[in-house]
Protein chains: 2
Amino acid sequence: MPAEAASDFIKKLDELVYVRRRLKAGNSLYHSGDRFQALYAVKTGFIKTESLHDDGRVQITGFYMAGEIFGFDGIATEEHMSTSVALEDSEICIIPLDRVKNFSREFSQVQNHFFKLMSREIVRDHTIMMLLGSMQGEERIAAFMLNLSQRFYARGYSPFNIVLRMKREEIGSYLGMKVETVSRIFTKFQDQKLLSVHQKNIRILDVEGLRKRIGQHPSK
Amino acid sequence: MPAEAASDFIKKLDELVYVRRRLKAGNSLYHSGDRFQALYAVKTGFIKTESLHDDGRVQITGFYMAGEIFGFDGIATEEHMSTSVALEDSEICIIPLDRVKNFSREFSQVQNHFFKLMSREIVRDHTIMMLLGSMQGEERIAAFMLNLSQRFYARGYSPFNIVLRMKREEIGSYLGMKVETVSRIFTKFQDQKLLSVHQKNIRILDVEGLRKRIGQHPSK
DNA sequence: GACTTAATTTGATACAGGTCAAAAATTAAT
DNA sequence: ATTAATTTTTGACCTGTATCAAATTAAGTC
């Protein structure tokens with residue numbers, strides 16, 4: 001691709017995320033049932049998305065940090081199937097889907113890019129399905145912490161000192177277990193010198209140990 | 001949209017799925033790690049997709065029947081993260097992604113359509129995440145059977161007489177439980193006159209009863 | 001049809017994680 | 001600061017599912 005065209009593409013991407021919005025902790029961008037209008041990219045902050053079942057149960061389906069895009073669930077029916085909530089004061093870029101579509105006509109890479117983003121979301125969901133369907137508690141927490149570590153690292157933060165933005169109950173909702181269980185496993189991992197836990201500040205002491213925790217349960 | 005343009009669009013869609021392929025029961029279209037080349041639409045038959053974890057555990061991430069499209073997981077990295085296997089002799093339409101991209105330039109609806117398809121997959125995955133994360137065995141089986149029923153109905157088959165194409169173990173893998181548990185729940189539902197079970201032939205006797213089963217467990 | 005092999009069901013037992021209750025630690029509000 | 005409210009941790013107990021084992025049934029194979 002000629003450098004010139006490439007920089008045009010970058011400019012377009014910038015245009016795409018032109019509109020920003022600040023979101024206070026606890027506030028929502030959209031609720032389940034809202035008409036779909038745009039996708040959202042996290043500029044700074046931390047977002048959770050949750051689906052709620054008729055009977056009141058909620059399942060957190062994703063945590064999103066800087067650079068990650070969410071809201072794809074709304075495209076199918078033009079109505080969001082989930083609610084997004086800021087876990088801390090956040091800055092969000094709004095990406096109207098219509099604009100994506102228009103730009104795609106001119107720049108095929110834009111379309112490409114969004115296909116890949118959606119595919120990545122699907123892969124991510126499959127990973128969680130695997131985690132929920134065939135791992136047990138300790139493995140889930142280990143996998144979760146390693147995943148966070150990696151994402152922090154990719155953003156230039158320390159992969160070892162992690163400040164959790166969500167509470168224990170939310171970790172539980174995401175990983176399919178109760179608060180008490182999450183808490184117990186953190187305590188256990190602390191005793192085993194895998195983690196050092198101080199409220200929301202987690203220090204990963206033994207990456208290799210955590211890795212070995214995954215896939216190390218008797219089943220099969 | 002003018003009728004003429006609409007029919008052009010339909011023609012394009014037909015072109016898109018021009019290449020077909022027969023697949024014997026047990027055979028795969030692609031394996032985890034294979035280079036991504038195309039999406040696949042089920043014309044006839046029944047397909048499962050499964051992700052495999054390093055330690056050998058497998059998680060079935062989807063069952064696909066006539067009219068449904070799979071393979072989206074390969075777009076992100078241009079490498080499939082799952083394996084697809086035919087559960088019965090099937091006929092599959094091959095949809096090269098490049099062709100989708102080209103057609104999208106001419107017909108914006110094609111692009112639209114695929115965005116929606118991927119979004120639908122994401123919504124579907126979130127539903128399963130909710131099921132795995134916050135429902136228990138009986139609820140999962142009830143939800144699973146109702147989902148199958150609805151999909152059969154949408155294809156013009158009876159929503160009450162269902163012929164399962166997968167074995168109990170595969171249902172278990174999909175729903176995050178062991179074969180024995182699946183079997184026990186089928187037996188229990190049969191005793192309670194919710195289902196009538198004869199090998200893979202399931203008759204749904206009480207739709208309302210199954211519905212009430214979901215979201216009716218003590219938690220919260 | 002007889003023989004193998006695979007799939008499903010059933011039973012007995014064990015254990016991970018849920019539930020209930022209460023204490024301890026944090027955070028927010030006055 | 002003091003009080004109130006929320007979140008996290010810990011303990012005791014219980015339950016849903018996994019596990020292990022074996023019987024039963026179905027589906028291939030020769």
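So that the names make sense, note that chain A is the first sequence line, chain B the second, and so on, each numbered from 1. Just so it is clear, the structure is predicted and the values come from calculations on it, not from any experiment. The basis for the numbers below is simple: all heavy atoms, side chains too, and nothing from hydrogens, waters or symmetry mates.
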Worksheet item: Looking at the rings of Tyr153(B) and Phe160(B), which for Trp means the six-membered one, are their centres under 6.0 Å apart?
Response: no

Worksheet item: Is the Phe63(A) to Tyr174(A) ring centre distance short of 6.0 Å?
Response: yes

Practice prompt. Look at the rings of Tyr30(B) and His80(B) and say which category their plane angle falls in: under 30° parallel, 30 to 60° tilted, over 60° perpendicular.
Written response: parallel

Rounding to an integer number of Å, can you tell me how far [X] [atom1] sits from [N] [atom2]?
X	N	atom1	atom2	value
Leu164(A)	dT27(C)	CG	P	13 Å
Lys178(A)	dT15(D)	NZ	P	16 Å
Leu132(B)	dG16(D)	CG	C1'	16 Å
Glu170(A)	dT6(D)	CD	P	15 Å
Ile202(A)	dT8(D)	CD1	P	10 Å
Gln190(B)	dT25(D)	CD	C1'	14 Å
Lys188(B)	dG11(C)	NZ	P	14 Å
Gln136(A)	dG18(C)	CD	P	12 Å

Worksheet entry | Short side-chain donor-acceptor distance under 3.5 Å, Arg155(B) and Gln150(B) | no

Discussion item. For the residue pair Thr61(A) / Thr49(A), report whether a side-chain donor-acceptor contact shorter than 3.5 Å exists.
Written reply: yes

Practice prompt. For Gly172(A), report the nucleic acid contact type (base, sugar-phosphate, nothing); a contact means any heavy atom under 4.0 Å.
Written response: nothing

Anything under 3.5 Å between a protein N or O and an N or O of nucleotides 3-9 of chain C, put it in a table, one pair a line.
| from | atom 1 | to | atom 2 | distance (Å) |
| --- | --- | --- | --- | --- |
| dA7(C) | OP1 | Lys167(B) | NZ | 2.4 |
| dT8(C) | OP1 | Arg168(B) | N | 3.4 |
| dT8(C) | OP2 | Arg168(B) | N | 3.2 |
| dT9(C) | OP1 | Arg168(B) | NH2 | 3.3 |
| dT9(C) | OP2 | Arg168(B) | NE | 2.9 |
| dT9(C) | OP2 | Ser183(B) | OG | 3.0 |
| dT9(C) | O5' | Ser183(B) | OG | 3.1 |

Worksheet entry | Pair Glu208(B) + Arg211(B), salt bridge at N-O below 4.0 Å | yes

Item to complete: Starting from the C-alpha separation in whole Å, work towards a yes-or-no answer on ring pair (Phe, Tyr, Trp, His ring centres under 6.0 Å) for Phe114(B) and Phe115(A).
Response: CA-CA 9 Å; Phe114(B) 279 85; Phe115(A) 274 155; 7.0 Å; no

Discussion item. Per the ring-ring contact (aromatic ring centres under 6.0 Å, His included) rule, what does the pair list look like for residues 117-137 of chain B, sequence neighbours excluded?
Written reply: none

Fill in: Five-pair end axes of the helix from dG1(C)-dC30(D) to dT30(C)-dA1(D), angle between them (10°)
50°

Practice prompt. Ignoring hydrogens and angles, tell me if any N or O in the side chain of Asp73(A) forms a donor-acceptor pair with the backbone of Met81(A) under 3.5 Å.
Written response: yes

